[in-house]
Amino acid sequence: MMEYGLRAALMVSVVTLLGACQAPMQAGSQCVVEAGYLDNESTFNWYAGQSLDLQDSTGFVGPLAVRALEESVQAELAAKGFSFVETTQGESNVQVQLTLRTRRELVSFETGGSPCHDVDCWERIEPGAGTRMDIRTIGFLAADVFHQGEPIWRGWVETTLYPSDRDAAGEVIARAVPKLFESFPP
């Protein structure tokens with residue numbers, strides 16, 4: 001009986017660890033126009049002011065991830081009937097601006113030696129004198145859509161990022177972008 005309980009506890013631990021590696025994404029959107037507002041539009045380009053607003057103090061985002069993000073957004077919108085046009089081909093009435101942020105959150109600060117029990121806690125910093133900080137990294141991606149220069153729609157997605165995500169940015173983006181544009185077009 002005790003062996004069964006130990007085996008069950010081990011299975012729960014493994015499932016918890018595997019589930020922690022792919023945290024659920026939180027998402028949402030906000031719209032200020034009625035359904036069907038963009039029915040007569042079929043092209044988009046990047047927002048003229050600044051197409052990507054990037055703040056990454058954690059080292060997760062590099063030029064290849066930015067390129068993969070832009071290509072993924074173009075593919076997602078193409079699947080929804082919006083083809084991308086370069087700005088040299090003329091302005092489109094629909095423009096998209098992306099905002100990408102990463103931030104670190106302190107999960108726990110301990111002066112003892114007990115391990116972190118939070119499933120999204122993956123990084124430990126030990127400054128010394130028996131002190132330990134458990135930290136997690138959160139990624140936030142938003143898309144703002146403008147029609148004739150006026151903001152009309154915003155979608156966002158947020159998830160916990162793990163060290164392995166640094167080398168798998170394409171996979172994280174592939175999961176995030178469809179969720180980001182789930183309710184687009186309005």
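Nearest heavy atoms, V145 versus V94: CG1-CG1, 3.8 Å. Nearest approach of P151 to V32, heavy atoms of both residues: O-CG2, 3.6 Å. When all heavy atoms of P186 and V33 are compared, the pair lying nearest together is CG-CG2, 3.8 Å.
Checking side-chain atoms of D56 against main-chain N and O of V61 turns up a donor-acceptor pair under 3.5 Å.
When side chains are defined from C-beta on, F44 does not count as touching Q95, because their heavy atoms never get closer than 4.5 Å. Contact annotation: the side chain of E70 never approaches that of V96 to less than 4.5 Å [non-hydrogen atoms, C-beta and beyond]. Residues P185 and K80 meet the side-chain proximity criterion, which asks for heavy atoms closer than 4.5 Å. When side chains are defined from C-beta on, E158 does not count as touching M25, because their heavy atoms never get closer than 4.5 Å.
Checked against the 6.0 Å centroid criterion, the rings of F82 and F181 do not qualify as a close aromatic pair. Aromatic ring centroids of F84 and W46 lie under 6.0 Å apart.
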Please assess S92 against N45 for the test side chain to side chain donor-acceptor pair (under 3.5 Å), listing each intermediate value before the final yes or no.
-> CA-CA 6 Å; S92 173; N45 62 7; 4.9 Å; no

Could you go step by step and tell me if V172 and R175 meet the side chain to side chain contact (heavy atoms under 4.5 Å, CB included) rule?
-> CA-CA 5 Å; V172 175; R175 288 192 327 264; 4.3 Å; yes

Pair R67-E71, salt bridge (Lys or Arg N to Asp or Glu O under 4.0 Å): steps then yes or no | CA-CA 6 Å; R67 184 175 180 180; E71 289 173 354; 3.2 Å; yes

Which is it for E76 and K179 under the salt bridge (Lys or Arg N to Asp or Glu O under 4.0 Å) test, yes or no, and what are the steps along the way?
-> CA-CA 10 Å; E76 182 68 20; K179 193 106 173 129; over 6 Å; no

Go through R101 and D53 one step at a time and tell me if the side chain to side chain contact (heavy atoms under 4.5 Å, CB included) criterion holds.
-> CA-CA 8 Å; R101 302 260 190 268; D53 181 8; 3.0 Å; yes

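In E105, the CD atom is crowded: over 12 heavy atoms of neighbouring residues, nucleotides or ligands sit closer than 6.0 Å.
In this structure, T159 OG1 and I138 CD1 are separated by 7.5 Å, a value rounded to the nearest 0.5 Å. Once rounded to the nearest 0.5 Å, the distance linking CG of L54 with CG of L98 reads 10.5 Å. For the atom pair CD (E41) and CG (N93), the distance works out to 4.5 Å, reported to the nearest 0.5 Å. Separation of atoms OG1 (T137) and CZ (R104) is listed at 4.5 Å; rounding is to 0.5 Å. Note that CZ of F140 is 7.0 Å distant from CH2 of W156, once rounded to the nearest 0.5 Å.
In this structure, F184 is not a member of the same hydrophobic cluster as Y47, with clusters built from ILVMFWY side-chain heavy atoms closer than 4.5 Å. Hydrophobic cluster membership differs between F146 and W153, with clusters built from Ile, Leu, Val, Met, Phe, Trp and Tyr side chains linked at under 4.5 angstrom.
Annotation: side chain to side chain donor-acceptor pair (under 3.5 Å) contacts involving residues 24-36, sequence neighbours excluded, comprise S29-S183.
For the side-chain contact (heavy atoms from CB on, under 4.5 Å) with I173, the qualifying choice from L69, L180, L141, L100 is L69, the only one to do so.
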